Structure formats: structure tokens, C-alpha cells
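Just below is one structure, and these are the notes that go with it.
Everything numeric here is computed off the predicted structure, so don't read it as measured data.
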Amino acid sequence: MHPISSHAEATPYEALLLVSFGGPERPDHVMPFLRNVTAGRNIPESRLAEVAEHYLAFGGRSPINDQCRALLEAVRDDLAQRGVRIPVYWGNRNWPPYLSETMEEMRAAGVRRAAAFVTSAYSSYSGCRQYRENLYDAAQQHPGIRIDKLRHYYNHPGFVTSFIDATVRALERLPEALRGSAPLLFVTHSIPLTMAQSSGPDGDAYVGQHRDVAALVSSAVSRRTGTEHPWELVYCSRSGPPHVPWLEPDVNDALAALARSGDKSAVAIPIGFVSDHMEVVYDLDTEAAATASDLGLAFSRAGTPGVHPDFVALVADLLLERATVERGESVSRQTEESQPASWDICEASCCPNPRGPLPALCERSS
């Protein structure tokens, strides 16, 4: 076994593909974007119009594409500094640059094999398999390019450390008298309960992985600050019909419970997100912050990884790790503490599509 060298070769990979969700960049993009996101789900136009108001409140421009551009440049710079000379591309699921367009660009450049880094750290249908279905569809349009999705990285030190740093900074923004007693609310995107239960190869991976991250961050923050903070995993962005059970509690309900218990402050840590996109700037910075204010709670929100140097380095680490494995060499995989690294290749039954099976890239043949 040997650690990954900072100058390791990326062979057999000829390119790295950054895969993200996408978002509108001006007001007239908002409704078409939301229709893309909800295609096949029978979401009423009235509900889409309601969600559209969240985007329009920010000028109709989601922050996510700009954040992907920043990450793209940071990753390119990091790879160059390591002496890894491969191109880095970017493709989205729901808005330009679409994956199919990016793969056409890759094909034209002669790329035959690439590794894909997905801006979703956890196991679930919407956070993993749906991206693999989209990669399959794009690859069908451009045969001859092999794409290998890099592993889940929720417990990689580069991901966890960025949240530790951000949580300590968020605590420091609270009034000094309230820092030591502030509960930590670890926030992620709510998903249907059935999707959560079927996540991962053995089920319940989505919640379990988030709880692992929350425990790691909370423990490290306690060591840094000298104070043990109570913590809870909570959710945001529920969008399904009321009769369908989704993961709870909602972050706003959790804030209300803290106020009823006599707490005077709270810190929200968006561990489900890699950048400050709409679910963060609206659901937390706008809606949850307003709830906290109404309840008389001092409220602080921790930042997401974004272009934190450790998170940027994580991308190259995963690329070079997988390249080493694909060359048939042994490698030491980076994870926090004694946690096992996630798998490289998903099982065919992993994170099933709730609307029925569809082909997906980067999985074991049955």
C-alpha cells in the first residue's frame, strides 16, 4: 500500500468531468429550468411558480453555476500545481452546459476515458443514481467515451475539514455569551422516506452517512472550542405532496423546538451541500434566518466547502486514487478516522429509481 503522490499520473484517465445540477442564470430561465428538474413527476405549474419566486427574489439567477465555475478553475489550478496535465470539463443535469453538450466537446477533443466528479457527496437516488442515469443518456449519444464516476466523499477529510472550519467560524459570529451553549443543526436536503430507506447497497445509507459526517464535525468542533455542543440532523427543501412522508424534522420546526426548550442560539451547518446554492441562500439564509429572528434566537449559518483548499484538493485526490486502482496498483484511500471508504462501482440495485428501473452508467453488471 502507498499514499497517493502529489505528482501521480492520472493514467488511464485523459480528462476529468465535473458533473453538477445546474441552475438558471436569468429570470426567463427559471420556469424552463424548474420544468427540466421536475420532468415526469406531475408537479403542478402552480407549485413551480411558487418555487420560481425563490429564484426571482435573487434576480432569477441561481448561484450554483458561478460556484461551479469557481470550483472548475480551482481544480484546474490544483491539478496543474501537482503536475497533472489533463483537461477538466463541466456538464450539468438540468441547465447548460448540459452533459450531452460537454461530452460532445470531449469527443471532439479525442477524449476516450474520463473520471467524473459529482457535486453530491452522499448515496441516494437523487444524489447518485439519477446522475448516473443522466451520464448513461449522454454517453449513449457519444459512444466511445468511457466515464468512471469517482466514489462518494462524505467522509473524506477534505470534505469534513471544510465544515469543521466553517462551523467554528459560524460559532464565532454569535454573541460571545451564547457561543458555548449553541446547538448545532446539521442540515441536508429532505428526500422521500422510501428513497432514504432504499439508499445505498443495503438501505438507509443517506441518513447514516449524514449522521457520520455530523458526528465527525461535532466532535472536532468540540475539541477546537473546548465546548461540547448538542447536535441534530435536520432537513430543508421538502417539495413533495403532503401525503408522501419525507425525512423530518424541517429546519424551521427544529428551530421552534429549540426555542421552546429555552435555547437562545443555533448554528446551521449545511452538510448536504457542497456550495451555497439556492437551497442554502433561500432555505437557510432567508427562510430559516427569518424563523430564528421571529423566535428570538441568535442564528449563524456555516459556509459550505465551495473552494476551500482542502475540498479542492479532495477532487484531485479522488481522481488520482481511482487512477491508481484502475492501473491495478494498491492505494491508501483517504477517509476520516476509522471510517471505511465508499465503493468505486455501484451495485445495480443501489439507490433504485422510485419511478421504475432505467439504465445507469458506472455500475456492476448483474
Side-chain angles (χ1 to χ4, degrees), residues 10 13-30 32-34 36-37 54-82 84-109 111 114-121 127 130-131 134-135 138 147 149-150 153 156 158-159 162-163 165-166 189 270 272-285 301-319:
Y13 297 115
E14 301 165 336
L16 176 66
L17 172 61
L18 175 68
V19 183
S20 194
F21 192 81
E25 303 209 64
R26 62 178 195 241
D28 62 318
H29 289 171
V30 173
F33 163 76
L34 292 173
N36 282 352
V37 173
H54 301 173
Y55 289 88
L56 295 173
F58 291 88
R61 184 181 183 90
S62 168
I64 192 170
N65 277 355
D66 287 336
Q67 289 159 3
C68 280
R69 292 181 182 104
L71 179 60
L72 192 70
E73 290 307 309
V75 168
R76 284 172 174 158
D77 289 345
D78 183 57
L79 287 171
Q81 289 171 17
R82 296 176 188 233
V84 180
R85 307 291 179 181
I86 64 171
V88 185
Y89 296 87
W90 164 40
N92 288 329
R93 275 175 43 186
N94 298 295
W95 203 250
Y98 287 112
L99 279 169
S100 58
E101 298 168 348
T102 301
M103 289 185 69
E104 169 58 25
E105 181 184 355
M106 293 165 67
R107 185 201 63 76
V111 174
F117 176 85
V118 175
T119 57
S120 174
Q130 192 169 11
Y131 282 101
N134 297 142
L135 283 167
I147 304 289
K149 177 183 174 293
L150 300 177
Y153 47 87
H156 189 287
F159 187 68
S162 67
F163 281 113
D165 292 346
H189 205 301
F273 308 95
V274 303
S275 63
D276 289 7
H277 48 78
M278 192 56 65
E279 285 84 350
V280 177
V281 298
Y282 180 82
D283 292 22
L284 298 185
D285 294 350
R301 196 266 292 175
T304 49
V307 290
H308 186 290
D310 290 351
F311 181 64
V312 172
L314 168 159
V315 181
D317 288 346
L318 293 184
L319 167 68

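Across Gly23 and Ser62, no two heavy atoms sit closer than the pair CA-CB, 4.1 Å. Smallest separation of non-hydrogen atoms from Met103 and Leu135: SD-O, 4.5 Å. When all heavy atoms of Arg61 and Met278 are compared, the pair lying nearest together is O-CE, 4.3 Å. Minimum interatomic distance between Ala114 and Tyr13 (heavy atoms only, all atoms of both residues): C-CD2, 3.6 Å. Here the closest non-hydrogen pair linking Gly306 and Leu71 is O-CD1, 3.8 Å. Listed here is the closest heavy atom pair of Ala302 and Pro270: O-CD, 3.3 Å.
Separating the OG1 atom in Thr102 from the OH atom in Tyr89 is a distance of 9.5 Å, to the nearest 0.5 Å. In this structure, OG in Ser275 is found 15.0 Å from NE2 in His308, a value given to the nearest 0.5 Å. Between the CG atom in Asn134 and the OH atom in Tyr98 there is a gap of 11.0 Å [rounded to 0.5 Å]. Atom-to-atom distance recorded for Trp95:CH2 and Phe21:CZ is 12.5 Å, nearest 0.5 angstrom. The CG atom of Asp317 sits 4.5 Å away from atom CZ of Arg82, with the distance rounded to the nearest 0.5 Å. Atom-to-atom distance recorded for Phe117:CZ and Leu72:CG is 12.0 Å, nearest 0.5 angstrom.
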Exercise for review: Using the side-chain contact (heavy atoms from CB on, under 4.5 Å) rule, take Phe33 and Asn94 through it: C-alpha gap first, then chi angles, then the decisive distance, then the call.
Suggested key: CA-CA 7 Å; Phe33 163 76; Asn94 298 295; 3.8 Å; yes
ask   = side-chain contact (heavy atoms from CB on, under 4.5 Å) between Leu18 and Val315: does it pass, once the steps are laid out?
value = CA-CA 9 Å; Leu18 175 68; Val315 181; over 6 Å; no
Open item on the list: Between Ile86 and Leu319, does the side-chain contact (heavy atoms from CB on, under 4.5 Å) criterion hold? Intermediate values first, please.
Closed with: CA-CA 11 Å; Ile86 64 171; Leu319 167 68; 3.7 Å; yes
- request: Evaluate the side-chain contact (heavy atoms from CB on, under 4.5 Å) criterion for residues His189 and Phe273: first the C-alpha distance (whole Å), next the side-chain angles of each, then the deciding distance (0.1 Å), finally the verdict.
  value: CA-CA 8 Å; His189 205 301; Phe273 308 95; 4.0 Å; yes
Output, in order, the C-alpha distance, side-chain angles, deciding distance and verdict of side chain to side chain donor-acceptor pair (under 3.5 Å) for Asn65 and Asn92. CA-CA 9 Å; Asn65 277 355; Asn92 288 329; 3.3 Å; yes
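A 4.5 Å side-chain heavy-atom check between Pro24 and Val30 finds at least one atom pair inside the cut-off. Residues Val274 and Thr304 form no side-chain contact, since every pair of their non-hydrogen atoms from C-beta on lies 4.5 Å or further apart. Using a 4.5 Å heavy-atom threshold, the side chains of Trp90 and Arg69 count as touching. In this structure, Leu99 and Tyr131 have side chains that are not in contact, with every pair of non-hydrogen atoms separated by 4.5 Å or more.
Panel note: side chain Gln67, backbone Asp276; a donor-acceptor pair is recorded below 3.5 Å. Under the 3.5 Å distance criterion, the side-chain polar atoms of Arg301 are left unmatched by any main-chain donor or acceptor of Val280.
Of the residues Val118, Val19, Leu17, the one that meets the side chain to side chain contact (heavy atoms under 4.5 Å, CB included) test with Lys149 is Val118.
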